[in-house]
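Written out below as structure tokens is the structure these notes cover.
One-based numbering, in listed order, for ligands and for the atoms of each.
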Amino acid sequence: MARVVVVGAGLGGLAAAARLAATGHVVTVLEQAPQVGGKLGWYARDGHGFDTGPSLVTLPQVLEDLFAATGAPLSQVLPLQRLDPAVAYRFADGTTTAMPGHRDDVPARLDADLGPGSGAQWAALLTRAEAMWRATEQPFLRTPLAGAATLARLARNTADLRTVAPGRTLRGLGRRHLTDPRLRMLLDRYATYSGSDPRRAPAALLTVPYAEQAFGSWYVPGGLRRLPEAVAARAEARGAVLRTGAAVAEVLVTGGRAAGVRLADGEVLPADVVVCNADAASLYGRLLPREAPVRRARAALQRVTPSSSGFVLLLALRGRTPGLAHHTVLFPTDYDAEFDALFGRHGGPRPVTDPTVYVSAPDDPATRPDESSESWFVLVNAPRHEPGTGVDWTAPGLADRYADQVLATMAARGLDVRDRVRWRVVRTPADLERETASPGGSIYGTSSNGARAAFLRPANAAGVPGLFLVGGSAHPGGGLPLVTLSAEIVAGLIGPA
Ligand SMILES: Cc1cc2nc3c(=O)[nH]c(=O)nc-3n(C[C@H](O)[C@H](O)[C@H](O)COP(=O)(O)OP(=O)(O)OC[C@H]3O[C@@H](n4cnc5c(N)ncnc54)[C@H](O)[C@@H]3O)c2cc1C
């Protein structure tokens, strides 16, 4: 039995706490914010309610595993709802397609909406994606990162390595296998699921649309914030202690081992094991003593591009929108201009002039005051908050001006709600940074930009014995399923009491 301190109550920290408490460890979770959940936030006012972070659950089996391993199954605690259609897309030429929620229905829909042959091209790509998934799920996603050993595991079979196409980018793969520019755009969008640029992200991200279409797109009725609440309840039921309003200022290292933490108010909590759910950049940059033996991890972090952030509008709307899908994506004419702006190509990071707009509008009574109102979460990709070197999202007037611009963009693409706005809340990358302690408001830690990015991502075992990293900034990456998998990996590395 070890005394474990978990720093941060995001989904990764909570899932690790639940697993470790369930296997007999004495677990304390310390969260700096007044509530648990991290990026899985919730905003409520006048009967309107909004998830402020994730709006889409994929790979539900990972959550099912978590609940099954720690007590009653997910279906008894938090039944999920499968979305069909998964997303309604609108392209710049005015074409629309409602992507079915089941893989087998996709080809016919694409043929009907984008033209004959589109379905077959997409289906062929997903067949390739399925092979990639098989080659990478166990040796990469479900296994601790171990440098060359991880590559060797992946390469144990040269056919697997060829399938993953290590030298190719997601964009390159689309160019080669898809002829319709709209299909290519659809594929490119999956790079943004890890805050990356499809021109630099590896072809292996093809597993993202595979996972989404093969295993479905899901919603948590009542809002996704119920997910961290349920995992927190599970952790507590298994004996973990959760403390909010408890900011960790330092991870203590004694005799070369993690020895506990010191809180911002000076309180010291000794521990045998420290699991860090705070961003890896904070851990290596600020929380660990300068002399901690983590030089390689610090150097690796210098070599990767942080993931992009998001600019969010919460819209409390009068009236209902007939035929609106749960998720809608409005594409721009020039997708590359968006990635140039996000990652600072041709003149530094800047807000995207003509961004892709994502609208999540759950048809869920828990999110609206009455049947003639709606609550929309609107997200556009945004560069990180980097005063001095990039965009300063706190600059006077910027957030409101940009919010108006996003609403005008939506209107120009057929979704004009400006005269229905009861009120709006604007949330910039600076807000995300402040509320979730995520440096720059990066959504997914480091991006997948570059062929080696996945292998440079911080490993779950830090260089210091007794110290582990869990969550979106560590292996295997960001997004709810991967973060939950990272907790499974960390619990496996620590082992039962
Ligand atoms: C706008 C937005 C949309 C998204 N959409 C999706 C989506 O649709 N689907 C999806 O799968 N994913 C999505 N994501 C990503 C997803 O939210 C994250 O990958 C995931 O929630 C991250 O979980 P985590 O465990 O890494 O921790 P985080 O949620 O980052 O939580 C870390 C916690 O640690 C705490 N902390 C940090 N430092 C300290 C300290 N020193 N002391 C104490 N506590 C500390 C923070 O306050 C925070 O609560 C989205 C994210 C955002 C912001």
| request: List the steps and the verdict of side chain to side chain donor-acceptor pair (under 3.5 Å) for Tyr358 and Ser55. | output: CA-CA 10 Å; Tyr358 169 85; Ser55 51; 2.6 Å; yes

| field | Audit row: Leu269, Thr28, side chain to side chain contact (heavy atoms under 4.5 Å, CB included) steps and yes/no | value | CA-CA 9 Å; Leu269 259 83; Thr28 304; 4.1 Å; yes

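Inclusion of Glu31 in the set of residues having an N or O under 3.5 Å from an N or O of ligand 1 is warranted. Residue Gly472 has at least one N or O atom closer than 3.5 Å to an N or O atom of ligand 1. Considering backbone and side-chain N/O atoms, Ser55 comes within less than 3.5 Å of an N/O atom of ligand 1. Taking only nitrogen or oxygen atoms, main chain and side chain alike, Leu56 reaches within less than 3.5 Å of ligand 1. Of the N or O atoms in Val470, none lie within a sub-3.5 Å distance of an N or O in ligand 1.
Remark: the Thr328 side chain and the Tyr89 side chain contain no N/O donor-acceptor pair separated by less than 3.5 Å. A side-chain donor from one of Thr70 and Arg234 sits under 3.5 Å from a side-chain acceptor of the other. Looking at Arg384 and Ser442, their side chains do bring a donor and an acceptor atom within 3.5 Å of each other. At a cut-off of 3.5 Å, with distance as the only test, a side-chain donor of Ser194 or Ser448 sits close to an acceptor on the other residue.
Of the heavy atoms in Tyr193, none comes closer than 4.0 Å to ligand 1. Contacts of Val248 with ligand 1, taken as heavy-atom pairs under 4.0 Å, involve both backbone and side chain.
Taking the ring centroids of Phe377 and Phe50, they lie at or beyond the 6.0 Å cut-off. A centroid separation of 6.0 Å or more is found between the aromatic rings of Tyr193 and Tyr444. Remark: aromatic rings of Trp393 and Phe311 are close, center separation under 6.0 Å. Residues Phe339 and Tyr335 bring their aromatic ring centres within 6.0 Å.
In this structure, atom 46 (C) of ligand 1 lies nearest to the protein heavy atom Thr436 O, 3.3 Å. With hydrogens left out, the protein atom closest to atom 31 (O) of ligand 1 is Gly10 CA, 3.3 Å, a heavy atom. The protein non-hydrogen atom at the shortest distance from atom 43 (C) of ligand 1 is Gln32 N, 3.3 Å. For atom 34 (O) of ligand 1, the closest non-hydrogen atom on the protein side is Gly8 CA, 3.3 Å. Of all protein heavy atoms, the one lying nearest to atom 22 (C) of ligand 1 is Val483 CG2, 3.9 Å. Summary of contacts: the protein heavy atom closest to atom 19 (O) of ligand 1 is Gly479 N, 2.8 Å. Summary of contacts: the protein heavy atom closest to atom 29 (O) of ligand 1 is Lys39 N, 2.8 Å. The closest protein non-hydrogen atom to atom 5 (N) of ligand 1 is Pro54 CA, 3.2 Å.
Classification of the Trp133-Tyr210 ring pair by plane angle, with boundaries at 30° and 60°, yields tilted.
With salt bridges taken as basic N to acidic carboxylate O contacts below 4.0 Å, one links Asp340 and Arg199.
Below 4.0 Å from some heavy atom of Leu432 lie the following atoms of ligand 1, by number and element: 53 (C). Counting the atoms of ligand 1 from 1 in the order shown, those under 4.0 Å from a heavy atom of Gly38 are 29 (O), 31 (O), 48 (C), 49 (O). Taking a cut-off of under 4.0 Å to the non-hydrogen atoms of Gly471, the atoms of ligand 1 that pass are 25 (O), 26 (O). The Ala437 neighbourhood of ligand 1 comprises atoms 37 (C), 38 (N), with distances under 4.0 Å to a heavy atom of that residue. Near Leu30, the atoms of ligand 1 lying under 4.0 angstrom from a non-hydrogen atom of the residue are 43 (C), 44 (N). Each of the following atoms of ligand 1 lies closer than 4.0 Å to a heavy atom of Leu480: 10 (C), 11 (O), 12 (N), 21 (O). Taking a cut-off of under 4.0 Å to the non-hydrogen atoms of Gly12, the atoms of ligand 1 that pass are 25 (O).
Comparing heavy-atom distances from atom 38 (N) of ligand 1 across Gly41, Ala9, Ser194, Ala278 singles out Ala278 as nearest. Relative to atom 52 (C) of ligand 1, the option among Ile443, Leu11, Asp279, Asn277 with the closest non-hydrogen atom is Ile443.
Counting only residues at least two apart or on different chains, the salt bridge (Lys or Arg N to Asp or Glu O under 4.0 Å) pairs with a member in residues 476-490 are Arg19-Glu488, Arg142-Glu488. Within the structure, side-chain hydrogen bond (donor to acceptor under 3.5 Å, both in side chains) pairs that include any residue of residues 29-43 comprise Tyr43-Arg45 (at least two apart or interchain).
At a 4.0 Å cut-off, not a single heavy atom of Ser473 sits close enough to ligand 1 to count as contact. Residue contacts with ligand 1 include Ala247, since one or more of its heavy atoms lies under 4.0 Å from the ligand. Within the structure, the closest approach of Gly310 to ligand 1 does not fall below 4.0 Å when heavy atoms are considered. The shell of residues lying under 4.0 angstrom from ligand 1, judged by heavy atoms, includes Pro481. Remark: distances from the non-hydrogen atoms of Thr52 to ligand 1 include one below 4.0 Å.
Summarising the local packing, CZ of Arg82 is surrounded by more than 12 heavy atoms from other residues, nucleotides or ligands at distances under 6.0 Å.
Side chain of Asp404 to backbone of Arg401: no donor-acceptor contact under 3.5 angstrom is found. The main-chain N or O of His48 is never found under 3.5 Å from a side-chain atom of Asp46 such that the two would form a donor-acceptor pair.
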